[in-house]
Structures are given as structure tokens and as C-alpha cells.
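Nothing here was measured: the structure is a model prediction, and the numbers come from that model.
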Amino acid sequence: MSRFTTVIPRKGTRSVKWDYAEELYQDKDILPMWVADMDFQAPQAVIDSLKERVDHGVFGYTMPDEDIKHSITSWIEKRHQWKIQKDWVTYSPGVIPSLHMIVQSLTDKHDGVLIQTPVYPPFFSVIKDHERKVITNSLLYNEGAYSIDFEDFEHQIVKGDVKMFILCNPHNPIGRVWTKDELSKMGEICLKHNVLIVSDEIHADLILDNHRHIPMASINNELSNQTLTCFSPTKTFNLAGLQASYIVTPCEDKRKTVKKQFDHQGMFMLNTLGLTAMESAYLNGEEWLEELLETIQTNRDFAIEQFQSISDHIQIVPLEGTYLLWMDCRLMNMSQAELKSFMQKQAKVGLNDGVSFGEEGEGFMRMNLAAPRKIVEEGVHRIITAVDQKITS
């Protein structure tokens with residue numbers, strides 16, 4: 001597993017995570033464990049495919065063919081037991097552009113759009129930027145675990161005149177992998193009130209332990225026709241900079257409407273290397289993925305064990321999916337501004353601020369575990385050392 005233990009220097013590569021960290025945190029010694037990309041090389045098969053394509057030397061307009069479509073449908077069926085049709089797929093440079101296109105094309109100004117907070121920050125902007133109303137269903141946090149308040153879920157839909165629900169599954173930042181029962185209950189409420197479901201499933205392949213990812217649209221035909229699902233290999237195989245994703249939309253009318261919005265914005269195709277990487281990853285990346293999941297699990301278990309050594313000052317929310325650790329720091333008795341400053345200036349670790357995920361993130365921070373153990377150990381050690389110094393001072 002040397003490919004997951006070797007530290008690969010990323011400074012000087014225009015990396016957002018590493019090269020932008022000094023400017024963002026105003027400290028050249030900060031250890032960046034924030035933005036959600038990995039510090040691992042992509043699968044060797046992907047690298048080899050990209051080299052072969054580059055060696056060809058001609059990078060003209062490129063369209064996905066039947067082989068690429070087959071790689072997508074086969075992957076989803078094998079990994080998630082959902083048999084999709086090739087013509088359900090619409091290509092996109094990323095999940096966030098997809099959400100923008102979907103919100104613009106399938107809702108009207110001032111429509112209510114529901115999200116479950118705390119949640120990935122761009123969910124707020126894709127609603128607000130197009131003059132839709134942000135309606136929130138706060139997730140319940142009890143005894144260190146998150147669940148859904150279904151009564152409030154339906155109440156917010158009715159009260160906010162909600163037309164669209166943007167689901168995050170697995171959920172970022174809390175790390176929940178929603179169960180079939182939870183998905184079915186949310187789906188039934190959406191169907192009852194004719195609410196369109198948009199499911200961000202970019203972390204679908206990053207499932208830990210014995211949990212199982214279930215695409216919302218795979219549950220039954222009614223939900224299939226009511227749901228647009230955003231997928232991408234970029235989080236799975238660390239390909240974010242290549243910008244390749246797609247939307248699976250079984251309903252032809254909805255698919256055509258969204259495709260028309262993409263066309264209006266001049267988004268007609270993916271970049272050549274993104275398509276090459278996506279096909280290669282889906283065809284040849286499964287063994288690499290299994291090793292990655294083992295690495296994330298061991299990093300998670302290490303972090304939990306170490307943080308338990310400082311009693312209750314930092315509690316870790318159970319991580320079922322993604323590689324993003326949601327840290328409950330409320331017992332440190334700091335304001336959010338004080339907590340951010342502590343992690344940055346005392347611990348010298350760059351984390352994501354909990355309130356950027358919504359007001360429900362007050363007192364929390366998010367840590368990226370997708371790095372070689374040496375980096376994870378250094379980050380955890382810095383935080384524990386800083387906490388110990390605070391406790392004993």
C-alpha cells in the first residue's frame with residue numbers, strides 16, 4: 001500500500017489545498033487539512049491512460065462514445081446495484097455546475113429549495129445566486145449521532161412552498177450514509193407534495209465499514225422519475241482538477257430541460273483528459289479504491305483513538321462515508337471565532353470552519369483524512385498538543 005503511505009509534495013503545483021493555504025490562513029507553517037481533495041496519486045491505470053492520450057498530441061473536440069457510457073452504467077450497476085440506461089446520462093464539468101443548471105432550469109425565482117443543515121456550503125449559493133429561497137431542515141444531533149427530523153422535513157416543505165429538495169448522500173460534512181428506510185421516508189414526503197429531488201451522490205463510492213450506499217432514484221419507479229442524481233469519479237479517484245461528472249435523469253422531460261440549460265451556457269462537452277480519466281478509473285480503478293477505503297478507515301480509527309485521549313474536549317461524529325471527519329469541539333467552551341483562531345494559530349492546522357456549513361455547525365470543525373498516515377498523525381498531534389497546553393495553562 002505504498003501508494004497510500006508515500007507523501008507526495010504538492011506545493012508548487014497550483015494546488016488550492018496547499019498553495020492557497022498560506023494566503024488563506026496567513027501562516028506558511030499551517031498544515032492544510034481542509035478542501036476535499038486527496039493527497040494520494042490517482043490509480044496508475046488512470047495515469048497511464050492520460051500519458052497515452054497526451055502522447056497522441058492532438059486534443060481536438062472530444063465527445064463521449066459508447067465505451068465511456070458503458071463504463072459509467074457498468075460501474076453504477078456493480079457498485080450500487082442500480083441498472084441505468086445510457087441515455088439517462090447528461091455530462092457536466094462538475095456537480096456544482098450541475099446543481100446550478102438544475103436549479104435554474106427546473107425551478108422559478110422565489111421558489112423554495114430545501115436543504116438539510118449542516119451541509120456542503122455551495123448548496124446555499126446555488127439557491128441564493130438564482131433568487132430562490134433557502135429552506136432548511138436541521139438535522140438532529142443527539143448523543144453523538146445525526147438523524148432526520150421527518151416531521152420538520154414535511155413541515156418545512158409545506159411552510160416554505162418547497163419545489164425542490166437537494167439531498168446530500170453520503171452527507172457532507174456529518175459523514176452519514178442514509179439508510180433505505182430514511183431515504184424512502186424522505187422520498188414519500190417529496191412525492192406527496194410533488195417536490196423534485198436532486199441527489200448529490202459524489203461521495204457514493206466512499207462508503208466505510210459495512211454501510212451501503214443506496215441511490216435515492218433506485219428505490220422505486222416513482223422516485224426514479226422524480227429524481228436527478230449527480231455522480232462523479234472525481235472524489236472517488238482524486239480527479240477533481242480534471243472536471244468530469246454527470247447527471248443521471250430517468251425522466252426524459254426533466255433531462256431535456258436540464259440539457260437545454262447546459263446548451264444555453266455553452267457547455268456542450270467535457271474536456272478530453274477528463275473523459276479519458278473517467279473511463280479508465282471506472283474500468284480499472286476498483287482495486288485502488290478498495291485499498292483507499294482501508295486507508296481512510298485506519299486513518300479515521302487512529303484519529304478517534306487519539307482524540308479520545310483528551311477526554312471529551314473533542315468528540316468525533318461517527319464517519320460512515322466520505323473521508324471528512326466532523327469534529328464536535330463545543331466542550332472546549334470557545335466561540336466559533338475563538339475555535340477557528342485556536343486551530344489556526346495554536347494548533348497550526350487548516351480545517352474547515354463548522355459554521356460555513358450553516359449555523360448548526362457552530363462549535364464544529366471539519367478535517368480531511370484523505371492523506372498518508374504521516375500527515376494525519378502530524379495534524380492530529382498538533383491539535384492534541386494545543387488542547388493539552390490549553391487545558392494545563
Side-chain angles (χ1 to χ4, degrees), residues 82 99 102-128 130-201 203-204 211-230 248-251 253-254 317-318 320-321 326 357-362:
W82 185 26
L99 294 178
I102 292 169
V103 168
Q104 288 181 81
S105 59
L106 295 175
T107 63
D108 296 318
K109 287 185 179 181
H110 312 303
D111 279 351
V113 180
L114 181 71
I115 55 178
Q116 294 176 301
T117 47
V119 75
Y120 184 48
F123 278 23
F124 293 91
S125 59
V126 299
I127 301 169
K128 293 178 180 178
H130 305 295
E131 300 179 60
R132 277 63 169 171
K133 294 184 299 181
V134 175
I135 309 296
T136 60
N137 165 230
S138 298
L139 295 169
L140 301 173
Y141 184 59
N142 294 310
E143 299 181 357
Y146 280 93
S147 61
I148 298 167
D149 185 340
F150 292 102
E151 183 177 346
D152 181 69
F153 183 85
E154 184 165 17
H155 174 72
Q156 295 299 336
I157 285 175
V158 175
K159 176 185 174 182
D161 192 24
V162 167
K163 304 301 182 184
M164 177 180 289
F165 165 45
I166 304 179
L167 168 68
C168 194
N169 182 34
H171 194 96
N172 174 13
I174 68 169
R176 274 298 316 275
V177 176
W178 302 120
T179 65
K180 185 175 182 179
D181 183 56
E182 289 170 320
L183 294 168
S184 296
K185 286 181 180 179
M186 289 188 288
E188 289 170 5
I189 294 170
C190 288
L191 289 170
K192 176 182 176 182
H193 298 284
N194 194 29
V195 173
L196 186 66
I197 301 168
V198 181
S199 190
D200 174 0
E201 302 187 14
H203 291 101
H211 297 284
R212 180 192 164 201
H213 174 76
I214 300 173
M216 170 68 90
S218 71
I219 293 175
N220 58 50
N221 287 335
E222 282 187 291
L223 286 174
S224 178
N225 287 323
Q226 193 75 354
T227 304
L228 299 89
T229 308
C230 299
V248 177
T249 314
C251 175
D253 288 343
K254 296 180 180 69
V317 177
E320 301 173 353
W326 191 230
F357 300 88
E359 63 183 21
E360 296 86 351
E362 179 84 26

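Partners of Asn137 under the side-chain hydrogen bond (donor to acceptor under 3.5 Å, both in side chains) rule, at least two apart in sequence or in another chain, are Gln116, Asp152. Thr117 pairs by the side-chain hydrogen bond (donor to acceptor under 3.5 Å, both in side chains) definition with Glu360, not counting sequence neighbours. Applying the side-chain contact (heavy atoms from CB on, under 4.5 Å) test to Asn194 and every residue at least two apart in sequence or in another chain returns Gln226. Residues that satisfy the side-chain contact (heavy atoms from CB on, under 4.5 Å) test with Ala204, not counting sequence neighbours, are His80, Glu201, His213, Phe231. Considering only residues two or more places apart in sequence or on other chains, His211 meets the side-chain hydrogen bond (donor to acceptor under 3.5 Å, both in side chains) condition with none of them. Applying the salt bridge (Lys or Arg N to Asp or Glu O under 4.0 Å) rule to Asp253 yields no partners; only residues at least two apart in sequence or on another chain are considered. Residues satisfying the side-chain contact (heavy atoms from CB on, under 4.5 Å) test with Pro122, not counting sequence neighbours, are Ile96, Tyr120, Ser125. Judged as a side-chain hydrogen bond (donor to acceptor under 3.5 Å, both in side chains), and not counting sequence neighbours, Asn221 has no contacts. The salt bridge (Lys or Arg N to Asp or Glu O under 4.0 Å) search around Glu182 returns Arg176, not counting sequence neighbours. In this structure, the salt bridge (Lys or Arg N to Asp or Glu O under 4.0 Å) partners of Lys163, at least two apart in sequence or on a different chain, are Asp161. In this structure, the salt bridge (Lys or Arg N to Asp or Glu O under 4.0 Å) partners of Lys192, at least two apart in sequence or on a different chain, are Glu154. The side-chain contact (heavy atoms from CB on, under 4.5 Å) test applied to Thr107 returns Val103, Asp111, Arg132, Met164, not counting sequence neighbours.
Between the Glu320 side chain and the Val177 main chain, a donor and an acceptor come within less than 3.5 Å of each other. Although no hydrogens or angles enter the test, the distance criterion places a donor-acceptor pair under 3.5 Å between the side chain of His171 and the main chain of Pro118. Listed for the Trp82 side chain is no donor-acceptor partner under 3.5 Å among the backbone atoms of Ile214.
Here the rule is side chain to side chain contact (heavy atoms under 4.5 Å, CB included) with Leu228, and of Ile197, Leu106, Val248 only Leu106 fits it. Under the side chain to side chain contact (heavy atoms under 4.5 Å, CB included) rule, Val195 has a single partner from Val113, Val162, Leu114, Ile189, which is Val162.
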| said: Determine whether Leu223 and Leu183 satisfy the following criterion, side chain to side chain contact (heavy atoms under 4.5 Å, CB included), listing intermediate values before the conclusion. | reply: CA-CA 10 Å; Leu223 286 174; Leu183 294 168; over 6 Å; no
| task | Evaluate the side chain to side chain contact (heavy atoms under 4.5 Å, CB included) criterion for residues Asp200 and Phe123: first the C-alpha distance (whole Å), next the side-chain angles of each, then the deciding distance (0.1 Å), finally the verdict. | result | CA-CA 10 Å; Asp200 174 0; Phe123 278 23; 3.6 Å; yes
| said: Does Phe165 form a side chain to side chain contact (heavy atoms under 4.5 Å, CB included) with Ile135? I'd like the steps, not just the answer. | reply: CA-CA 9 Å; Phe165 165 45; Ile135 309 296; over 6 Å; no
| query | Should His193 and Val158 be marked as a side chain to side chain contact (heavy atoms under 4.5 Å, CB included) after you check the CA-CA gap, both sets of side-chain angles, and the distance that decides it? | reply | CA-CA 8 Å; His193 298 284; Val158 175; 3.6 Å; yes
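Between Gly144 and Pro318, the closest heavy-atom pair is O-CD, 3.0 Å.
Interatomic distance, CG of Asn142 versus OG of Ser147, reported as 6.0 Å (0.5 Å rounding). Phe150 contributes atom CZ, which lies 9.5 Å from atom CG of Leu140 (distance to the nearest 0.5 angstrom). Going from atom CG of Asn225 over to atom CG of Leu196 covers 11.0 Å, rounded to the nearest 0.5 Å. Here the NE2 atom belonging to His110 is positioned 9.5 Å from the NZ atom belonging to Lys133, to the nearest 0.5 angstrom.
Using a 4.5 Å heavy-atom threshold, the side chains of Leu167 and Met216 count as touching. At least one side-chain heavy atom of Val134 sits less than 4.5 Å from a side-chain heavy atom of Lys128. The shortest distance between side-chain heavy atoms of Leu139 and Ile148 falls below 4.5 Å.
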